[in-house]
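Worth saying up front: this structure is predicted, and the values here are computed from it rather than measured.
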Amino acid sequence: MMNIERTASIAAKKIKNLAQHTHLKHKKAVNEPKKNLKNSDIVLYVENLTVSFDGFKALNDLTFYLNSGELRCFIGPNGAGKSTMMDVLTGKTKVDSGSAWFVPDVKDKNPRNMLNLLEMDEVSIANAGIGRKFQKPSVFETISVAQNLELALRCKRNILSAYRAKLDSEQSDFLLSTLERIKLSDKANDLASSLSHGQKQWLEIGMLLMQKPSLIMLDEPVAGMTPEEIDMTIDLLYELEGENTIMVIEHDMDFIRAIANQVVVLNQGTVLAEGDMDCIQSNPKVIEAYLGEGL
């Protein structure tokens, strides 16, 4: 128990420090989205985002819209702006210009339901319903798989007191169903450190699911996985599509072909092309830009 509480305490300090260091770092987006919220299923409005690092434009007038329940894949070479895009949308990086609006509940058409992500810090964005998984798994290896999920439960209380509180039956059922969904029911009592790389990836996805986000961002979710683990991850994303809105960054083209209905190709910080995989592969601009990239 002391080991678990120590882990919870460390997590609490990280969250507190994160909030202190990211609060109000971002420029305000002056205007509401150009696209109308009324009669729309759009959950994420990204318009004219520009981010520069020492004169280099990591994002250059980036614009796209994401519908509720959609699974959208983003591809492009290193330096295309994929990770910077996610950094902006999760509050890690400030912008030079542009806007980013999030609608936690598309059924509520009240404009006041729209959240200006550029005015929010990382913790506030996560609490609003946006969850991100980085390429490298970030789990607590000194506690069990089930305890990792329990620690990830969304709670308004202090994270340590939240852990000490006993789960109610609904929370327990949700934890068990999440274990089953991420294929780790038989590993529930094992230390997270004993998991394979692919299983740690699943555990981190499970930790996101415990927070019940409406938008999930996955950065190279199958990197380092075995072919069997990749197939199981494809099945998992099939289950989540429609239930959650999902953004995926990935370089594995076979994986992209298996899961993607819509693909966005980023190049030099802006949208080069978007459409289904067949359209992307036959697009002359994509062929020219990614000659030798394996598309």
Side-chain angles (χ1 to χ4, degrees), residues 29 31 33-36 40-90 92-102 117-118 132-135 215-223 230 233-234 237-238 241 245-295:
N31 300 316
K34 296 174 184 177
K35 282 204 173 185
N36 196 342
S40 172
D41 287 330
I42 297 175
V43 68
L44 182 66
Y45 297 74
V46 174
E47 295 178 335
N48 310 113
L49 284 185
T50 297
V51 175
S52 299
F53 299 117
D54 297 324
F56 170 74
K57 286 191 175 182
L59 296 181
N60 185 13
D61 204 34
L62 177 66
T63 297
F64 68 89
Y65 305 94
L66 197 64
N67 288 324
S68 178
E70 180 181 0
L71 193 162
R72 181 87 63 90
C73 293
F74 293 78
I75 63 175
N78 293 331
K82 303 183 299 298
S83 293
T84 301
M85 169 188 68
M86 286 193 174
D87 286 346
V88 168
L89 297 177
T90 53
K92 290 180 68 66
T93 296
K94 62 182 179 180
V95 303
D96 299 330
S97 59
S99 62
W101 296 84
F102 175 58
L117 296 179
L118 303 187
R132 180 181 183 182
K133 195 202 82 63
F134 292 86
Q135 178 181 350
L215 173 58
I216 296 175
M217 299 180 180
L218 303 177
D219 194 345
E220 298 191 35
V222 298
I230 291 175
T233 303
I234 290 171
L237 292 182
Y238 280 157
E241 185 178 7
T245 306
I246 305 172
M247 296 173 63
V248 178
I249 290 176
E250 187 52 70
H251 291 290
D252 187 322
M253 289 300 104
D254 290 333
F255 175 71
I256 293 294
R257 291 186 188 96
I259 66 168
N261 292 318
Q262 290 292 310
V263 178
V264 175
V265 182
L266 296 186
N267 187 41
Q268 298 180 354
T270 195
V271 175
L272 177 66
E274 56 185 319
D276 61 35
M277 200 60 186
D278 289 338
C279 291
I280 293 299
Q281 288 183 284
S282 61
N283 187 305
K285 292 182 180 179
V286 176
I287 293 172
E288 180 181 359
Y290 292 102
L291 184 63
E293 287 290 331
L295 280 176

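No side-chain heavy atom of Phe64 sits under 4.5 Å from any side-chain heavy atom of Gln262. The closest side-chain heavy-atom distance from Val88 to Leu118 is below 4.5 Å. Between Gln268 and Asn60, the closest side-chain pair of non-hydrogen atoms is not below 4.5 Å. Between Phe255 and Cys73 the shortest side-chain heavy-atom distance does not fall below 4.5 Å. At least one side-chain heavy atom of Glu241 sits under 4.5 Å from a side-chain heavy atom of Asn261. Proximity of Leu62 to Leu266: side-chain heavy atoms (C-beta onward) are separated by under 4.5 Å at one or more points. Using a 4.5 Å cut-off on side-chain heavy atoms (C-beta onward), Ile280 and Val265 make contact. Ile230 places none of its side-chain heavy atoms less than 4.5 Å from the side chain of Asp254.
Annotation for Gly76 and His251: closest pair O-CE1, 3.2 Å, computed over non-hydrogen atoms. Residues Met86 and Met247 share a closest heavy-atom pair of CE-O, 3.9 Å. Contact record, Leu89 with Leu117: O-CD1, 3.8 Å, taken as the closest heavy-atom pair. For Ile75 against Glu250, the heavy-atom pair with the smallest separation is CG2-O, 3.6 Å. A pairwise comparison of heavy atoms in Gly98 and Leu49 identifies C-CD2, 4.0 Å as the closest pair. Of all heavy-atom pairs spanning Asp61 and Thr50, the tightest one is N-OG1, 3.1 Å.
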Checklist line | side chain to side chain contact (heavy atoms under 4.5 Å, CB included) between Arg257 and Gln281, worked out | finding: CA-CA 11 Å; Arg257 291 186 188 96; Gln281 288 183 284; 3.0 Å; yes
Next item on the list: Show the numbers, then the answer: is there a side chain to side chain contact (heavy atoms under 4.5 Å, CB included) between Thr63 and Val271?
Entry: CA-CA 7 Å; Thr63 297; Val271 175; over 6 Å; no
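Just one of Lys82, Lys92, Arg132 meets the side chain to side chain donor-acceptor pair (under 3.5 Å) condition when paired with Asp87; it is Arg132.
Distance check: Leu59 CG to Asn48 CG gives 11.5 Å after rounding to the nearest 0.5 Å. Separating the CG atom in Leu44 from the OG1 atom in Thr245 is a distance of 9.0 Å, to the nearest 0.5 Å. Atom OG1 of Thr90 sits about 5.5 Å away from atom CZ of Phe134, to the nearest 0.5 Å. Rounding to the nearest 0.5 Å places CD of Glu70 at 10.5 Å from CG of Leu215. Rounding to the nearest 0.5 angstrom, the gap separating the CD1 atom in Ile246 from the CE atom in Met217 is 12.0 Å. Interatomic distance, OG of Ser282 versus CD1 of Ile287, reported as 6.5 Å (0.5 Å rounding).
Judged purely by atom type and a 3.5 angstrom limit, Asp96 uses its side chain to pair as donor or acceptor with the backbone of Ser52.
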